[in-house]
Student: 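One structure, pasted below without further comment.
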There are 2 protein chains.
Amino acid sequence: MGLAKTEIFTDEQNQISVFAKAFGHPARVAILQHLFKIDTCFCGDLVKEIGLAQPTISQHLKELKYLGLIKGTVEGTSVCYCIDMDNWKEMKDLMTAFLGQDLLPKDECC
Amino acid sequence: MGLAKTEIFTDEQNQISVFAKAFGHPARVAILQHLFKIDTCFCGDLVKEIGLAQPTISQHLKELKYLGLIKGTVEGTSVCYCIDMDNWKEMKDLMTAFLGQDLLPKDECC
DNA sequence: TTAATTCATTGCAATATTACGATTAATATT
DNA sequence: AATATTAATCGTAATATTGCAATGAATTAA
C-alpha cells in the first residue's frame with residue numbers, strides 16, 4: 001500500500017489533499033514565504049537562504065512548479081522563480097472554503 | 001533520510017507544515033468535512049461513510065486527534081468524534097495568514 | 001576553447017505513510 | 001456468564017518522501 005485510495009474520494013477532497021501535501025514540508029513553506037517576501041523577482045539563492053543542499057531545493061521547487069504554484073523563467077545560467085498568482089488564488093479559494101467550514105450554521109454537540 | 005530537517009526552520013514554518021500534512025490525505029479531508037457537515041454529534045459510522053477499513057479510519061482519526069483538531073468522547077461501545085473548535089480556529093488563523101500573503105503589497109515581477 | 005557558474009537529473013539510503021488482517025480491550029445485550 | 005458490538009492496537013507489506021553525492025546540461029566569462 002503506501003498510496004492513497006484517491007478513487008473513493010471526491011475531486012475536491014483529492015485536490016485539497018494534493019495542495020496541502022505541498023505545504024506539508026517546512027522547506028516548501030519557507031520557499032513560498034521567501035518568494036512572497038522579496039519584492040523583486042527572485043533569481044536563485046534559495047540554497048543559501050534555506051539550509052538544504054541544492055538538489056534538495058531543486059526537488060522541492062519541482063513539486064511546487066508541477067502544482068502550478070510557482071513558475072520559473074530561465075535567465076542566463078540562473079532561473080527566476082516566482083509565485084503564479086492566478087493559480088495561487090485558485091488554490092487559496094479552495095483551501096479557504098475548506099478551512100472556513102466552521103462558519104456554517106450547525107448545532108452544538110459534544 | 002526520509003525525515004524533514006525541522007531544526008533549520010522556524011516554529012511557524014514547522015507548524016504550518018504539520019497541519020498541512022494532516023490535510024495531505026483525502027481520507028482525513030473527508031473525515032473533517034463529514035464532522036463539520038453533520039449537525040448532531042457523530043458517533044462512528046465513518047467507516048461506512050468513507051470506504052476504508054476500520055483500522056485505517058482509526059489510524060487517521062488518531063492523527064487528527066493528536067494534532068488536536070478533533071476530540072473523541074467514549075459513549076458506551078462507540079466513540080463520539082467532533083471538531084475541536086478552539087484548536088481548529090487557531091490552526092485556521094495560522095493557515096489563513098500563510099495563504100493570505102498575496103495580499104501584502106509588493107512589486108510586480110516576472 | 002576552457003573554465004566557471006547555475007540548476008536539473010540520477011541513483012541510492014534512510015525513514016515515513018498508507019492500508020488492512022488479526023487481535024485485543026471495553027462495554028452492552030441477552 | 002456468554003455473546004455481540006465498537007473501536008484501538010499490533011504487525012506487516014507496499015509505496016512514498018526526504019536528502020544528498022555524483023553527474024549532466026546549459027550558459028557565461030576568461
Student: A/K21 near the nucleic acid: base, sugar-phosphate alone, or nothing, with a heavy-atom cut-off under 4.0 Å?
Tutor: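 Counting heavy atoms under 4.0 Å across all strands, the contact made by A/K21 is with sugar-phosphate only.
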Student: Using a cut-off of strictly less than 4.0 Å, decide whether B/H60 has a side-chain nitrogen or oxygen near OP1 or OP2 of C/dT17.
Tutor: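 So the side-chain polar atoms of B/H60 never come under 4.0 Å of the phosphate oxygens OP1 or OP2 of C/dT17.
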Student: Is there a donor-acceptor pair closer than 3.5 Å between any side-chain N or O of B/W88 and the backbone N or O of B/I70?
Tutor: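 Answer holds: no.
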Student: Counting just side-chain N and O atoms, does A/Y81 come under 4.0 Å of either OP1 or OP2 of C/dA8?
Tutor: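 The answer is yes; a side-chain N or O of A/Y81 sits under 4.0 Å from OP1 or OP2.
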Student: Which residue in the set B/F23, B/F19, B/F98 passes ring-ring contact (aromatic ring centres under 6.0 Å, His included) when paired with A/F23?
Tutor: B/F98
Student: Which of these nucleotides, C/dT9, D/dC20, C/dA19, is closest to any side-chain atom of A/S58?
Tutor: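 Among C/dT9, D/dC20, C/dA19, the one nearest the side chain of A/S58 is C/dT9.
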Student: By nearest nucleotide on DNA chain D, pick out whichever of B/K62 and A/G24 is the more 5' one.
Tutor: B/K62
Student: For the atom pair CG (A/L35) and CG (A/D84), what is the distance rounded to the nearest 0.5 Å?
Tutor: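 A/L35 CG to A/D84 CG: 11.5 Å, rounded to 0.5 Å.
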Student: At under 4.0 Å, does any side-chain N or O of A/T56 touch on OP1 or OP2 of D/dT18?
Tutor: no
Student: How does protein reach along nucleotides 21-30 of chain C, written 5' to 3' as B (base within reach of a heavy atom under 4.0 Å), S (only sugar-phosphate), or - (no contact)?
Tutor: BB----BS--
Student: Choose from D/dG19, C/dC20, D/dT9 the nucleotide whose nearest atom is closest to any side-chain atom of A/H25.
Tutor: D/dG19
Student: Would you indicate what A/L52 reaches in the nucleic acid, counting non-hydrogen atoms under 4.0 angstrom: base, sugar-phosphate, or nothing?
Tutor: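 Sugar-phosphate only.
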